[in-house]
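To start, the structure under review is shown below, and the notes come after it.
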Number of protein chains: 2
Amino acid sequence: MDDISSILKEKGLKVTPQRLAIINMLKNTKEHPSAETIYKTLSSDFPTMSLATVYKTLEMLKNIGLVQELNVGEGSFRYDANVNSHPHLICYGCNRVDDLDYSALDNLIGEVSKYTDYLLKDQKLYFYGYCPDCKKKMTN
Amino acid sequence: MDDISSILKEKGLKVTPQRLAIINMLKNTKEHPSAETIYKTLSSDFPTMSLATVYKTLEMLKNIGLVQELNVGEGSFRYDANVNSHPHLICYGCNRVDDLDYSALDNLIGEVSKYTDYLLKDQKLYFYGYCPDCKKKMTN
DNA sequence: TATTACATGATAAATTTTATTAATTAATAC
DNA sequence: GTATTAATTAATAAAATTTATCATGTAATA
């Protein structure tokens, strides 16, 4: 029994092939896919997968803290199985989303709390620009 | 001739009552309204206002840099006539969105650029939690 | 004031997400 | 291993948000 299966069972949730496929796909990519992308990717190996199942599974995984939802400013959400609070980089050129490895920003809440009466619980940091590939294309 | 009118004219855009109403509303609120909220608010004074006009005007204002679009993780976007890069606070309880007055974070791009090959142009920082009102309600 | 090009308003269409429900399947007990 | 049952899935409809279309209206200019 792997990690994910036992977590689902502990929460009283059934372990289904669809759920495992979705969480495994998210764990094995750095691409921060949308629900639609997850659906299309899994459809080839999983002809019976339904988009509604993808949405419901993502909602469930978000609720039990196995994935985080990113709002990078498109019309749709993207998902990340790395639930650590880490900043993201978004490319204006190709819309790709990368993780930023710079842990100094991972916990700004403590600092920010000094300047507001909000009781802060989470943060999302997005940096926009051009990825190395698109940067190269621009100068040509 | 006020500020906004001259900016629009410089860009070769027509100055219409609808456009002035939308930008003025945004300039006079701290509430970060959605397109729907802007539409409903202006409808009383402006019975002929169309939701499509609100969307098209917001798109235009965004393009010429007079408003910024926020994606705080709801199903819709919110708009801010303060185009300075400043962090936002979002309340889990009442979904209100506030500005954070803490300019130390206003320009993290320079710092972050040292740790990525992206050519960075903009940043969006969101802090989530409970506003003073909702915090108070929780402890009761 | 007339002309013209752009903007508006009404509506349709597209896109993303959520809700509904019958059929299926995982988990449990036997 | 099989039957039971309760949760999950799949297909679809519906809801919500945003964009596109196009005839009409209006701002800007002469």
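Below, read A as the first sequence line, B as the second, and so on, with proteins coming before strands; counting in each chain starts at 1.
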* **Spacing of Met60(B) atom CE relative to dA27(D) atom P, expressed in whole Å** => 14 Å
* To do: Report yes if some heavy atom in the side chain of Gln123(A) is under 4.5 Å from a heavy atom in the side chain of Tyr126(B); otherwise report no.
  => no
* Asked: Within this structure, what is the CD-to-C1' distance between Gln18(B) and dG9(C), rounded to whole angstrom?
  -> 9 Å
* **Of Ile22(A), Asn28(A), Leu26(A), the residue whose pairing with Asn24(A) passes side chain to side chain contact (heavy atoms under 4.5 Å, CB included)** => Asn28(A)
* To do: Could you say whether Gly12(B) or Ala52(B) is positioned toward the 5' end of DNA chain C, judged by the nucleotide with the nearest heavy atom to each?
  => Gly12(B)
* What is the nucleic acid contact for Thr48(B), judged by heavy atoms within less than 4.0 Å: base, sugar-phosphate only, or nothing? -> sugar-phosphate
* State whether the number of non-hydrogen atoms from other residues, nucleotides or ligands found under 6.0 Å of Glu31(B) atom CD is greater than 12. => no
* Asked: Does the side chain of Tyr118(A) come within less than 4.5 Å of Asp98(B)'s, by heavy atoms?
  -> yes
* To do: Mind checking Pro17(A) for me? I need base, sugar-phosphate or nothing, with any heavy atom below 4.0 Å counting as a touch.
  => sugar-phosphate
* With a 4.0 Å cut-off on heavy atoms, is Thr53(A) in touch with a base, just the backbone sugar-phosphate, or nothing at all? -> base
* Asked: Looking at OG of Ser113(A) and CZ of Phe127(B), how far apart are the two atoms once the value is rounded to the nearest 0.5 Å?
  -> 9.0 Å
* Whole-Å distance between dT24(C) P and Met49(A) CE? -> 18 Å
* Structure fact -> Side-chain contact check for Tyr55(A): nearest option of dT18(C), dT19(D), dA7(C) is dT18(C)
* Roughly how many Å is it from CG in Asn71(B) to P in dT18(D), rounded to a whole number? -> 9 Å
* To do: Could you state the atom-to-atom distance from CG of Leu20(B) to C1' of dA27(D) in whole Å?
  => 12 Å
* **Minimum-distance nucleotide (side-chain atoms of Leu51(B) versus dT18(D), dT8(D), dA11(D))** => dT18(D)
* What is the distance, rounded to the nearest whole Å, between atom CD1 of Ile64(B) and atom P of dC6(C)? -> 16 Å
Short N/O separations, protein against nucleotides 28-30 of chain D, under 3.5 angstrom:
unit_1  : atom_1 : unit_2   : atom_2 : d
dA28(D) : OP1    : Val15(B) : N      : 3.1

* To do: May I ask you to decide whether Arg96(A) forms a salt bridge with Asp133(A), counting only side-chain N to carboxylate O separations under 4.0 Å?
  => yes
* **Among dT8(C), dT20(C), dT17(C), the nucleotide that comes nearest once only the side chain of Lys56(B) is considered** => dT8(C)
* Taking CG from Leu42(B) and P from dT8(C), how many angstroms apart are they, rounded to a whole number? -> 13 Å
* **Short side-chain to backbone donor-acceptor contact, Lys121(A) and Tyr92(B), under 3.5 Å** => no
* Asked: What integer distance in Å separates Leu58(A):CG from dT9(D):C1'?
  -> 15 Å
* Asked: Just to confirm, is there a sub-4.0 Å distance from OP1 or OP2 of dA27(D) to any side-chain nitrogen or oxygen of Arg19(B)?
  -> no
